[in-house]
Visitor: 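One structure follows; several queries about it will come next.
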Amino acid sequence: MSTMVSVQEVTKVYKRGSEELKVLDSLSLDVPEGEFVALMGPSGSGKTTLLNLIAGIDQPTSGAVVVGGRNIAVLSEGELAKWRSHSVGFIFQFYNLIPVLSAVENVELPLLLTKLSKKERRERALTALKVVGLADRSSHYPRQLSGGQEQRVAIARAIVTDPQVLVADEPTGDLDAKSAEEILKLMETLNQEFKKTIVMVTHDPRAADRAHVQRHLEKGVLQLR
Amino acid sequence: MKYLPFVFKHLRRNWVRTTSTVVAMAVCIFLLCTLRSVLSEVDSMLEASSATRLVTRHSVSLTFNLPVAYESRIESVPGVKAVAKTIWFGGSLPAKKEGQADETEGDSTTDWSKFFNNMAVDADKFFPMYPELTIPPDQWKAFRETRQGCVIGSKLAKKFGWKVGDRFFLESFIPPYRKRSGPFEFEVSGIYDADLAKYPGTDVSTMYFHYEYLKEGVGREIGVGTYALEIANGDQAASVGKAIDALFENSSATTITETEQAFKASFIAMAGNLAFLLNGIGLAVAFTILLVTANTMSMAVRERRTEIGVLKTLGFSSAHVMGFVVGEALLLGVLGGALGVFGSETLLYGLSHAPGITEILAGMGLSGLELKPAVAALGLFIAVALGLFAGFVPALSAYRAKITDILRTV
């Protein structure tokens with residue numbers, strides 16, 4: 001299996017006024033293609049920062065982040081935005097759906113950046129909703145959906161552009177046990193049937209157990225366990 | 001274009017706020033367009049003035065008349081070509097027309113709904129000063145020969161359906177110009193017109209009749225409201241005016257002589273500094289609306305910080321996100337502007353067609369009051385500019401927002 005994500009000697013330092021805070025310290029991590037990795041660790045250990053670097057929404061202070069063979073640490077903000085639009089799908093803890101858009105419009109949103117026609121965009125969005133089992137709720141607005149359903153719409157939005165990598169920041173953190181189980185099953189399906197590489201941050205050991213590999217961070221350093 | 005529905009959806013998110021902002025913007029543009037139209041009409045009226053025509057009036061007020069004896073003395077001033085007596089009659093129709101039984105016959109109450117501008121003039125001297133007013137020779141001849149004759153502007157003729165030979169009655173609301181036996185009777189001797197392409201702003205809604213007829217009617221000396229003068233050289237207007245005023249400096253009726261344009265402007269300025277007032281109101285309203293819209297957009301962006309972060313995470317560039325915010329602000333501007341222009345057009349159309357009001361406006365020289373395309377375009381432009389300015393700062397903050405900073409606060 002080739003490497004889908006390669007984090008090489010990455011250091012991330014945040015500046016708070018004159019104070020510098022090293023969040024990641026020369027961290028290296030390889031995620032093979034089709035892998036399902038869970039990143040665990042206490043609050044402030046740097047797991048979300050690492051996830052943000054892999055998703056291309058933040059850039060390292062030093063080191064390289066290679067995703068799908070491309071070092072995204074050297075891309076400009078505009079290039080990163082373009083890269084994110086087709087290469088990575090992001091799943092948030094609080095779903096972050098746009099409340100004024102229906103489920104299908106939310107899923108269709110990333111496709112506005114493509115050259116697809118309106119009809120093609122709608123078809124793809126409906127297909128993504130079918131994959132997450134919500135085709136019958138396509139016209140519902142987020143306020144009309146349960147937390148689990150909202151998260152499934154958010155997952156549909158993440159996969160609609162068919163990205164190579166899915167990153168999830170505590171995707172079950174705001175859900176009850178039953179909904180969380182449904183979401184985890186869905187992520188397993190995406191990993192096993194659709195061969196998506198998934199990097200998931202979680203505090204929940206049960207969620208982490210569903211991943212193939214668990215990696216633990218502490219004070220910005222990966223722990224060997 | 002594919003982003004437009006997305007922008008519209010956001011505007012509908014808080015429809016009360018959106019509606020109030022659009023209405024506020026509409027009121028602003030409505031006021032700007034309406035006030036601008038009034039000013040534009042005033043300007044065109046002033047532009048229609050000739051540089052070689054002066055007006056001499058009482059220095060205290062237009063309501064004080066000047067002695068008739070001033071005419072020959074003014075004529076003697078070097079540079080003066082002609083002098084004509086004029087009096088603003090202030091007459092209106094007492095709803096009585098020859099050949100028609102009228103229940104208000106004998107009633108001298110002024111009918112303001114039929115008010116129009118009418119003046120008693122020394123016709124033989126007055127009309128040659130106004131070459132822009134054209135009267136067919138036979139009608140001019142008839143006017144000169146008919147004591148009760150009058151010439152009316154083509155617009156006025158159209159308004160009342162008058163034609164040459166028609167008779168009507170007018171009664172002034174100014175007591176010294178009334179006669180005991182009732183209203184003055186007039187006969188339409190001629191209908192004058194003007195080439196509005198060559199002389200834009202020329203008033204074709206006034207009625208002129210003989211000064212002597214008024215004087216005889218009231219049965220005593222009535223003085224002169226204003227003297228209309230023609231001078232040989234427009235460049236000498238100031239010196240000629242000064243010379244005329246100097247003639248009467250030590251008399252009981254001192255004068256002010258000014259160009260026709262200045263006279264019209266001062267006539268309008270009796271209500272205060274109109275241009276300053278109207279422009280001031282317009283600017284104050286526009287500035288207030290700028291603040292209101294800016295506040296609306298700032299609130300809209302502030303409450304959507306997370307969504308901005310999500311959009312950027314999904315791959316929308318900072319320019320895209322900025323575009324959405326500016327687009328929303330522009331839409332607010334366009335909607336408010338269109339509504340305001342429509343409102344102004346409706347009001348001005350209503351005023352220029354409403355019985356009673358039309359005549360009052362005509363009496364003030366504002367007979368052509370309408371929303372001109374240029375003013376409507378200016379209104380829309382200001383609305384769009386207000387939207388753009390109001391949306392720029394919130395859009396810039398959305399542009400600069402870092403995804404990690406936004407998502408950290410979720």
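Keep in mind the model is a prediction, meaning the values are calculated, not measured.
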Visitor: Just checking, any donor-acceptor pair under 3.5 angstrom between side chains of A:Glu77 and B:Ser318?
Guide: yes
Visitor: Testing the basics here: between A:Glu9 and A:Ser28, what is the closest heavy-atom pair and its distance to 0.1 Å?
Guide: N-OG, 2.9 Å
Visitor: Hydrogens and angles aside, do B:Ser344 and B:Thr34 bring a side-chain donor and acceptor to less than 3.5 Å of each other?
Guide: yes
Visitor: Taking all atoms of both residues into account, what is the closest heavy-atom pair of B:Gly337 and B:Leu380, and its distance?
Guide: C-CD2, 3.6 Å
Visitor: Who in residues 47-68 of chain A is close to chain B, using a strict under-4.5 Å heavy-atom cut-off?
Guide: A:Asn52, A:Ile57, A:Asp58
Visitor: Which bit of A:Glu105 is near chain B, if near means a heavy-atom gap under 4.5 Å: side chain, backbone, both or neither?
Guide: side chain
Visitor: Measure distances from B:Leu314 to the heavy atoms of chain A and classify the residue's part below 4.5 Å as side chain, backbone, both or neither.
Guide: both
Visitor: Between A:Ser87 and A:Trp83, do the side chains contain an N or O donor and an N or O acceptor separated by less than 3.5 Å?
Guide: yes
Visitor: Between A:Pro163, A:Ala158, A:Pro99, who has the most heavy-atom pairs with chain B when the cutoff is under 4.5 Å?
Guide: A:Pro99
Visitor: Heavy-atom distances under 4.5 Å only: say whether B:Tyr3 touches chain A with side chain, backbone, both or neither.
Guide: side chain
Visitor: Contact between B:Ile29 and B:Val341 at the side-chain level, heavy atoms closer than 4.5 Å - yes or no?
Guide: yes
Visitor: One pair to check against side-chain contact (heavy atoms from CB on, under 4.5 Å): B:Leu330 and B:Leu388. What are the steps and the verdict?
Guide: CA-CA 6 Å; B:Leu330 280 178; B:Leu388 199 63; 3.8 Å; yes
Visitor: In Å, rounded to the nearest 0.5 Å, how long is the span from CD1 of A:Ile98 to CD of B:Glu307?
Guide: 4.0 Å
Visitor: Do you know the tightest heavy-atom contact between B:Leu32 and B:Gly282?
Guide: CD2-CA, 3.6 Å
Visitor: Let me know if A:Tyr95 has heavy atoms under 4.5 Å from chain B in its side chain, its backbone, both or neither.
Guide: neither
Visitor: Any idea which of A:Thr161, A:Val100, A:Leu97, A:Val88 has the most non-hydrogen atom pairs under 4.5 angstrom with chain B?
Guide: A:Val100
Visitor: Where does A:Ser117 contact chain B at under 4.5 Å (heavy atoms): side chain, backbone, both or neither?
Guide: neither
Visitor: Quick one: CG on B:Leu11 to CD on B:Glu328, what's the gap to the nearest 0.5 Å?
Guide: 5.0 Å
Visitor: Looking at B:His320, B:His10, B:Arg12, which one has more heavy-atom pairs under 4.5 Å with chain A than the rest?
Guide: B:His10
